[in-house]
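Following: one structure in structure tokens, then a few remarks.
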Amino acid sequence: MSIYDTLNKEQKQAVMTTSGPLLLLAGAGSGKTRVLTHRIAYLIDQMGVNPWNILAITFTNKAAGEMRERVDQLVGFGADQIWVSTFHSACMRILRRYIDRLGFDSGFTIYDTDDQKTVIKGICKRLNIDTKIYREKALLGAISSAKDSLTDVREYEIGAAGDSSKAVYAKVYREYQETLQKNNALDFDDIIVKTVELFKNCPDVLDQYQERFRYIMVDEYQDTNTAQFELVRLLAEKYRNLCVVGDDDQSIYRFRGANIRNILEFEQYFPEALVIKLEQNYRSTQSILDAANAVISNNVGRKDKALWTDRGAGSRIHLRQFDNAYEEAEFIAGDVARRVKKEGAQYRDCAVLYRTNAQARLLEERMILEGIPYNVVGGTNFYARMEVKDILAYLKTIDNGRDEVALRRIVNIPKRGIGAATLDKLEDYAQLHEISLYDAMREADDIMGMGKAAAKIRPFVHLIEGYRKRLRELTVAELISAVVSEIDYGRYLQDYDDESCEDRIENVDELITKAVSYQDTHEEPSLTEFLEEVALVAEIDNVDGSDDRVLLLTLHSAKGLEFPNVYLAGMEDGLFPSYMTIVSDDPEDVEEERRLAYVGITRAMNELTLTYAKMRMIRGETQYNPISRFVREIPAALMDNTLPQGRRPDSLLPDRDTVFGLRPKAVLRPKTTAKADRPFIAREIGSLNRLAGISKGMPDRAPEDPEYGEGERVTHVKYGEGTVTKLEKEPRDYKVTVNFDKYGQKIMYASFAKLKRV
DNA sequence: TTTTACTTCGTTTTT
DNA sequence: CGAAGTAAAA
């Protein structure tokens, strides 16, 4: 009896195929992590591969940590030699060693989205670019997707030739890269891109890593972007022992540059690749899988596969409608409480999934009210909070004097009377003498025209210099404590906002706690490394599964997790799929949302509950959205409640004042913000309903007689041909039961099924 | 230079 | 609704 006997046939094949390229199409819940960990064990124990030669890449630190733990359990010896890491931290390790070859200093810092925005703002100001026309977000987005697809500044400029608008983007891209280089900083995308650049420019470095990583495994392969693919391709080029594991149906990061072609075209890059499909699901009941399969089958251009299980049908999927989001939250909280009290469930067995982070608030409030322990994943990243960023900016300034973004952030926090005018003078001086802004501050006394300002700068420089000198004798935690007390940051927070100051001080303390735990878990702790780790944590990394709490999280963060009880909240067209994707002219956008729905459904092991509200407040506006098309794509027979048969929007229109107890000021205020590109909500309802296949005013009319009868052959767009076994007239529509040749029996409503007689 | 009062704007998802 | 930006005032 060996550890490999518990694997099924395909899993075993995947584990034992150790050489050459391997594409593992692993459906949700098909045990891919098991395969990966067993494969690593097999490589070491059975094939005699040196653990040192193995690289396993995941997307989140959490996934990396879990994999490492499981490998440790399977492999007797040398497991710590394996690189199990995320794309970003693997690249960081390489860059810290070799980035000097690209003209950066190895003490570079990492810019998060906030920092990037600051840089872009500065550039726009400097170049007199109107941010009304060229939005910072759009500029950043363009730069990011250029990088994701490995388009450098030069190439971008060539592509922009002759297009004045694109030329602005190109100019900003160039300035942005130059600023980052000047600040000795990289953004998230650069971490990958610069590593690729390094490998391409320095064959000796590439060769060294190729020799080291003779066996490479990539998890969540469907989420890789072009740059990440190129990185992996380069590393694997020599020995070609590359195993990628992914599921095209779970590709949900296209907006972030994930290139689904990486999976669909893997066999073109590696013609000798073996492809293995894992379709047996060990997680969910058949009903849940049927629902997931039915929904995802509406997407085109996917690798064909269907999940199955030997677990049995299980209970039906619960579908619940509510008047508003408050009642929805009330139900979910109540249902969780009921399951815990009556069915012996634990809180941690339950998770509430939603499309947007904003939905968490109401759910959270309700959980508090009912006294249910919960945890919200995501929202504002801990390290993105103002008070935490302030402290980190101090640390960054001490660590890397060239990081101007950090310096500018804290130079006047707390108030030192160093304002824009002073900084402008310093900047001029710095530019003239080709030194950094911080170095200019050090020489402030010698700068003409500095006047009284020099006296204000002196203590600040003194403070930073003092900590630089003491850097070696202080731990990171001690350093933070010292800085916080020296600048009297607590007082600053109190003056800033008395209300929130307690929470903020708590967060600063939390940061110190994290610094202590960093200190305890690392062999050679350093400030640089601490800042790096802190920059690369994702919210999901902090989820502790051993806490007995209900988890509240977005569908995106839920990927890779599983729960006995799952609630999918806010199943409404306009929210999920989001309004943006519905009106998009690219049908791929809705398909991505559908994959998200697939991910959500397949998180559930035993019970799946879908909820939606007729009315919901979104950005201070009340919206009336129809039920999500994804719910309609689930066969009715799988659910415990019937779908609404369409409704007339006008019968539902505003009674919000009575519902929310609001004074009618919101209604009376003239709608001055209505613009051509953002139509009235009332009009949106109409169009959304039309998109969902509901036509206004039709529900109560007698249904049209279908062109087919019982026993006749019909054809369906998705299911193909079948025989009508039952035809029942209902007040609003005909209910048709069809036995499809390929998909078996389905019950559907005539007006939605659009069946054609053969 | 800093504080305040007011307007404007937007929302998907995040390593 | 809330964050963030802008203009005016102190």
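A, B, ... follow the sequence lines: proteins, then strands. Residue 1 opens every chain.
Between A:Lys137 and B:dG10, a side-chain N or O to OP1/OP2 separation shorter than 4.0 Å is absent. Under 4.0 angstrom from either OP1 or OP2 of B:dT2 there lies at least one side-chain N or O belonging to A:Asn412. Here A:Lys62 does not reach the OP1 or OP2 of B:dT15: none of its side-chain N or O atoms lies under 4.0 Å away. Contact annotation: A:Arg254 does not reach the phosphate of B:dT13 (side-chain N/O to OP1 or OP2, under 4.0 Å). Distances shorter than 4.0 Å separate some side-chain N or O of A:Asn357 from OP1 or OP2 on B:dT14.
Between A:Tyr489 and A:Tyr492, the ring planes are parallel. Angles under 30° get that label, and only those over 60° would be called perpendicular. Using cut-offs of 30° and 60° for the angle between ring planes, the A:His556 and A:Phe255 rings count as perpendicular. Using cut-offs of 30° and 60° for the angle between ring planes, the A:Phe576 and A:Phe630 rings count as perpendicular.
Heavy atoms of A:Glu593 sit under 4.0 angstrom from at least one base atom. When heavy atoms are screened at a 4.0 angstrom cut-off, A:Arg595 is found touching no nucleic acid atom at all. Across all strands shown, A:Ser557 has heavy atoms under 4.0 Å from sugar-phosphate atoms exclusively, and none from any base. Residue contacts shown for A:Lys121 are limited to sugar-phosphate atoms, with no base heavy atom under 4.0 Å away. Nucleic acid contact class of A:Phe59 (heavy atoms, under 4.0 Å, all strands): sugar-phosphate only. Here A:Lys456 lies out of heavy-atom contact (under 4.0 Å) with every strand.
Look at A:Tyr253 and the base of B:dT15; the rings do not stack under the cut-offs of 5.5 Å between centres and 30° between planes.
A donor and an acceptor atom, one from each side chain of A:Asp403 and A:Tyr111, are located under 3.5 Å apart. One side chain, A:Tyr176 or A:Gln116, offers a donor N or O that lies under 3.5 Å from an acceptor on the other.
On the P atoms, B:dT13 is 15 Å away from C:dA4, given to the nearest whole Å.
Helical stems involving DNA chain B, defined as 3 or more consecutive Watson-Crick or G-U pairs under 3.5 Å, span B:1-10 with C:1-10.
Positionally, the nearest nucleotide of DNA chain B for A:Lys415 lies more toward the 5' end than for the other of A:Phe188 and A:Lys415.
The distance from atom CG of A:Leu423 to atom P of B:dT2 is 10 Å, rounded to the nearest whole Å. Taking atom CZ of A:Arg361 as the reference point, atom C1' of C:dA3 lies 14 Å away to the nearest angstrom. The distance between atom NZ of A:Lys125 and atom P of C:dG5, rounded to the nearest whole Å, is 11 Å. Between the C1' atom of C:dC1 and the CZ atom of A:Arg616 lies a distance of 15 Å, rounded to the nearest Å. Rounded to whole angstrom, the span from the CD atom of A:Glu136 across to the P atom of C:dG5 amounts to 7 Å. Rounded to whole angstrom, the span from the CG atom of A:Leu568 across to the P atom of B:dT13 amounts to 17 Å. Between A:Arg135 atom CZ and C:dA4 atom P there is a gap of 15 Å when expressed in whole angstrom units. Protein atom OH of A:Tyr579 is 13 Å distant from nucleotide atom P of B:dG10, rounded to whole Å.
Of the candidate nucleotides B:dT11, B:dT2, B:dT13, B:dT13 has the atom nearest to the side chain of A:Phe255. Here the side chain of A:Thr422 is nearest to one of B:dT1, B:dT11, B:dT14, namely B:dT1.
Salt bridge absent: A:Arg409 and A:Asp115 never bring a charged side-chain N and a carboxylate O closer than 4.0 Å.
Summarising the geometry, atom CH2 belonging to A:Trp83 is positioned 8.5 Å from atom OG belonging to A:Ser89; distances are rounded to the nearest 0.5 Å. Atom-to-atom distance recorded for A:Glu593:CD and A:Asp573:CG is 10.0 Å, nearest 0.5 angstrom.
A:Lys147 forms no cation-pi arrangement with A:Phe188, by the criterion of a distance under 6.0 Å to the ring centre and an angle within 45° of the ring axis.
At a cut-off of 3.5 angstrom, the base of B:dT14 holds no donor-acceptor pair with the side chain of A:His556.
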